[in-house]
Amino acid sequence: MIPMSYARAADAEDAVRRGAAAGARYLGGGTNLVDLMRETIERPEVLVDVTGLSSEIEETKGGGILIGAAARNTAVAESRAVRERYPMLARAIVAGASPQIRNMATVGGNLLQRTRCIYFYDEQGSRCNKRDPGQGCDAIDGLNRNHAILGASSACVATHPSDMCVALAALDAVVHLRSADGERALPLTELHLLPSEHPEIETVLEPGELITAIELPAIPFAARSSYRKVRDRASYAFALVSVAAALEVEDGTVRDVRLALGGVATKPWRAWKAEETLKGRPATADSFRAAAEAELAAAAPLRDNAFKIELARRTITAVLGELTGLEA
Ligand SMILES: Cc1cc2nc3c(=O)[nH]c(=O)nc-3n(C[C@H](O)[C@H](O)[C@H](O)COP(=O)(O)OP(=O)(O)OC[C@H]3O[C@@H](n4cnc5c(N)ncnc54)[C@H](O)[C@@H]3O)c2cc1C
Ligand code: SF4
């Protein structure tokens, strides 16, 4: 038996005070952390339940939305403001997990869920640098059909599993944080780290730092946005490739675009190169394909996952086509 204490945080200040203890971890819906505790991959000594903190979804002065980190995934997907102004986010959430899991899972927990690499979970039989730093990575020469083609290193090739984070990356979401040292905010695209030589360090968070909220800035053209997830089964499966996109077209020309990819990279992947390629070009299938090519030029496939390059190209082209009414 592994001894452990549990406390429910009264407010953010209380959470941060308790979260500063050695071996402390925040507990959201527990849909990922508790699974990892059962497998003894995570062994917290203190669980600080943060589900009683802010779950409000409110308007900001700048015309955006602030979502409390304790908001359940279902509540965010069903929010009228989210569905009308950021439909890609509602679609991304609904594409994930199951209704029961989405009812439990929180926004804060979704951001920090860990990879679904099968070797990461196989504590008894497999080598994994993310689980046991310096041990080696059995995925690189193993079964790697689901692994990353972008952002990987010689130490780790695992994908980031979140659907919600892909939409948040595309939407320029800002993560609000609190610790004993005060508050700070950073773009979601800067929260997760590439694996490099240290895949066990997954984010820029300091020990005990609490996610308090996610802020979505006003992006009027995001009202015309979409999320498409390609996977092995219609439900209850993680993405092989996913695309979150918003497109602003004027007189047949792409004025602005937001594009992010899931299922293909070691972190939620903002497709900056594709966006740059697309801006100012005609909104045609040829331009969309050229943008996809630009983003995927850096792809480094493994033995089993080269198919993801063409699948990502086609999915990017199809989603952008759907947004311009070009898709059949
Ligand atoms: C069967 C199954 C299928 C799934 N399929 C999908 C899928 O298709 N797509 C998808 O995106 N996800 C999927 N998920 C993952 C699911 O979305 C995550 O488990 C969930 O979002 C985690 O949220 P949680 O609140 O339960 O987090 P928890 O499990 O409570 O916590 C996860 C991590 O976040 C930390 N944490 C929680 N809240 C905070 C906070 N406020 N500040 C700082 N740290 C915090 C915890 O310490 C822990 O490290 C699936 C899960 C399961 C079990
Ligand atoms: S890909 Fe990453 S998570 Fe998977 S076994 Fe290798 S080091 Fe571990």
Side-chain angles (χ1 to χ4, degrees), residues 9 12 15-16 19 24-37 41-42 44 47-51 53-55 68-73 92-98 100-123 126-144 146-148 152-167 175-179 191 195 198-200 202-203 205 207-214 229 231 233 235-239 242 262-263 266 268 302:
V16 164
R25 297 296 298 275
Y26 296 119
L27 178 69
T31 62
N32 188 223
L33 181 58
V34 173
D35 278 359
L36 291 166
M37 287 165 62
I41 294 167
E42 300 261 17
L47 277 181
V48 182
D49 186 334
V50 291
T51 53
L53 306 190
S54 175
S55 60
R72 306 286 178 173
N73 286 187
I93 293 172
V94 170
S98 65
Q100 291 85 349
I101 291 168
R102 295 195 297 270
N103 289 343
M104 287 295 292
T106 62
V107 165
N110 192 310
L111 261 53
L112 299 187
Q113 63 173 293
R114 304 196 71 191
T115 184
R116 294 283 159 168
C117 172
I118 51 171
Y119 301 104
F120 173 70
Y121 279 83
D122 180 24
E123 198 184 15
S126 304
R127 295 175 310 146
C128 172
N129 286 323
K130 191 184 276 297
R131 195 186 58 229
D132 297 304
Q135 199 181 50
C137 168
D138 274 345
I140 288 173
D141 294 316
L143 299 171
N144 45 40
N146 293 327
H147 288 72
S153 72
S154 58
C156 179
V157 293
T159 53
H160 191 274
S162 170
D163 288 295
M164 187 180 82
C165 285
V166 181
V175 186
H176 290 259
L177 302 168
R178 181 168 177 156
S179 70
L191 174 70
H198 288 284
E200 75 281 10
E202 295 176 351
T203 70
L205 295 187
E209 207 163 19
L210 175 74
I211 300 171
T212 55
I214 294 286
K229 176 175 179 178
R231 49 189 154 169
R233 288 188 305 270
S235 74
Y236 228 50
F238 289 86
S242 69
T266 50
L302 301 160

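In this chain, numbering begins with 1 at the start of the sequence shown. Keep in mind that what you see is a predicted model, and the values were worked out from it rather than measured. When a ligand or atom number is given, it counts from 1 through the structure's own listing order.
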> Given the rule in the side-chain hydrogen bond (donor to acceptor under 3.5 Å, both in side chains) test, do N103 and Q100 qualify, once you have shown the distances and angles that lead to the verdict?
Replying inline: CA-CA 5 Å; N103 289 343; Q100 291 85 349; over 6 Å; no
> Hey, is ligand 1 close enough to G28 that some N/O pair sits below 3.5 Å?
Replying inline: yes
> Can you tell me how far CD of E42 sits from CZ of R131, rounded to the nearest 0.5 angstrom?
Replying inline: 12.0 Å
> What residue and atom, counting heavy atoms only, is the protein's closest point to atom 42 (N) of ligand 1, and at what distance?
Replying inline: I211 N, 2.9 Å
> Can you tell which part of C165 has a heavy atom less than 4.0 Å from ligand 1: side chain, backbone, both or neither?
Replying inline: neither
> Quick one: which ligand 1 atoms are inside 4.0 Å of a heavy atom on A237?
Replying inline: 8 (O)
> From H176 NE2 over to S54 OG, what is the distance, rounded to the nearest 0.5 angstrom?
Replying inline: 11.5 Å
>> Any heavy-atom pair between the side chains of V175 and I214 that's under 4.5 Å?
In response: yes
> Just which atoms of ligand 2 are under 4.0 Å from any heavy atom in N129?
Replying inline: 7 (S), 8 (Fe)
>> At less than 4.0 angstrom from any non-hydrogen atom of A105, what atoms of ligand 1 do you find?
In response: 20 (C), 21 (O), 23 (O), 24 (P), 25 (O), 26 (O)
>> Counting only heavy atoms closer than 4.0 Å, does ligand 2 sit against the backbone of P195, its side chain, both, or neither?
In response: neither
>> Would R127 count as a contact residue for ligand 2, given that I'm defining contact as a non-hydrogen atom of the residue lying under 4.0 Å from a ligand atom?
In response: yes
> For ligand 2, is G142 a contact, meaning one of its heavy atoms is under 4.0 Å away?
Replying inline: no
> What is the nearest protein non-hydrogen atom to atom 17 (O) of ligand 1, stated with its residue, atom name and distance?
Replying inline: Q113 NE2, 3.6 Å
>> As an exercise, state the distance from NZ of K130 to OG1 of T115, rounded to the nearest 0.5 Å.
In response: 6.0 Å
> Any idea which atoms of ligand 2 are less than 4.0 Å away from a heavy-atom of C137?
Replying inline: 1 (S), 5 (S), 6 (Fe), 7 (S)
>> Show the atoms of ligand 1 that are less than 4.0 angstrom away from any heavy atom in G108.
In response: 38 (N)
> Can you find an N or O of R116 that's nearer than 3.5 Å to an N or O of ligand 1?
Replying inline: no
> Which of the numbered atoms in ligand 1 are below 4.0 angstrom from a heavy atom of S162?
Replying inline: 11 (O)
> Considering only protein heavy atoms, which is closest to atom 34 (O) of ligand 1, and at what distance to one decimal place?
Replying inline: L112 CB, 3.3 Å
> Does a side-chain heavy-atom distance below 4.5 Å link D138 with C128?
Replying inline: no
> Of the backbone and side-chain N, O or S atoms of C156, does one lie nearer to atom 6 (Fe) of ligand 2 than 2.8 Å?
Replying inline: no
> Hey, is the main chain of A155 close enough, under 3.5 Å, to the side chain of N129 for a donor-acceptor pair?
Replying inline: yes
> Heavy-atom contacts under 4.0 Å between K229 and ligand 1: side chain, backbone, both, or neither?
Replying inline: side chain
> What protein heavy atom sits nearest atom 24 (P) of ligand 1, and how far away is it?
Replying inline: G29 N, 3.4 Å
> Does the K229 side chain pair with the main chain of G263, one donor and one acceptor, at a distance under 3.5 Å?
Replying inline: no
>> Using 2.8 Å as the threshold, say whether any N, O or S atom from C117 sits that close to atom 8 (Fe) of ligand 2.
In response: no
> Starting from atom 5 (S) of ligand 2, which protein heavy atom do you reach first, and at what distance in Å?
Replying inline: Y119 CB, 3.4 Å
>> Could you measure the distance from the CD atom of E202 to the CG atom of L191? Nearest 0.5 Å is fine.
In response: 10.5 Å
> In ligand 1, which numbered atoms sit nearer than 4.0 Å to a non-hydrogen atom of N32?
Replying inline: 19 (O), 29 (O)
> What about G30: any of its N or O atoms under 3.5 Å from an N or O on ligand 1?
Replying inline: yes
>> Less than 4.5 Å apart, side chain to side chain, heavy atoms only: is that true for H160 and V166?
In response: no
> For atom 8 (Fe) of ligand 2, which protein heavy atom lies nearest, and how many Å away is it?
Replying inline: C128 SG, 2.3 Å
> How far is atom 52 (C) of ligand 1 from its nearest protein heavy atom, and which residue and atom is that?
Replying inline: I101 CD1, 3.5 Å
> Does an N or O anywhere in L27 fall below 3.5 Å from an N or O of ligand 1?
Replying inline: no
> How far does CD of E123 sit from CD1 of I41, to the nearest 0.5 angstrom?
Replying inline: 5.5 Å
> Should R114 be listed as contacting ligand 1, given a heavy-atom distance under 4.0 Å as the test?
Replying inline: no
> Between the main-chain N or O of M104 and the side-chain N or O of R72, is there a donor-acceptor pair closer than 3.5 Å?
Replying inline: yes
> Is the backbone of S242 close enough, under 3.5 Å, to the side chain of R231 for a donor and an acceptor to pair up by distance?
Replying inline: no
> Roughly how far apart are T203 OG1 and I211 CD1, rounded to 0.5 Å?
Replying inline: 7.5 Å
> Any idea which atoms of ligand 1 are less than 4.0 Å away from a heavy-atom of G96?
Replying inline: 7 (C), 8 (O), 9 (N)
>> Given D163, N73, L177, L210, identify the one with the heavy atom nearest to atom 11 (O) of ligand 1.
In response: D163
> Does an N or O from Y26, backbone or side chain, lie closer than 3.5 Å to an N or O of ligand 1?
Replying inline: yes
> Taking N or O atoms only and a 3.5 Å limit, does R25 qualify as a polar contact for ligand 1?
Replying inline: yes
>> Evaluate E209 for polar contact with ligand 1, using N/O atom pairs at a separation under 3.5 Å.
In response: no
> Side chain of Y26, backbone of G208: donor and acceptor closer than 3.5 Å?
Replying inline: yes
> Tell me: protein heavy atom nearest atom 27 (O) of ligand 1, and distance?
Replying inline: G109 CA, 3.2 Å
> Relative to the heavy atoms of Y236, which atoms of ligand 1 are at a distance of less than 4.0 Å?
Replying inline: 1 (C)
>> I need the nearest protein heavy-atom contact for atom 18 (C) of ligand 1: residue, atom name and distance, please.
In response: T31 OG1, 3.4 Å
> In the protein, which heavy atom is nearest to atom 7 (C) of ligand 1, and how far is it?
Replying inline: A97 N, 3.1 Å
>> Which of the numbered atoms in ligand 2 are under 4.0 angstrom from any heavy atom belonging to A155?
In response: 7 (S)
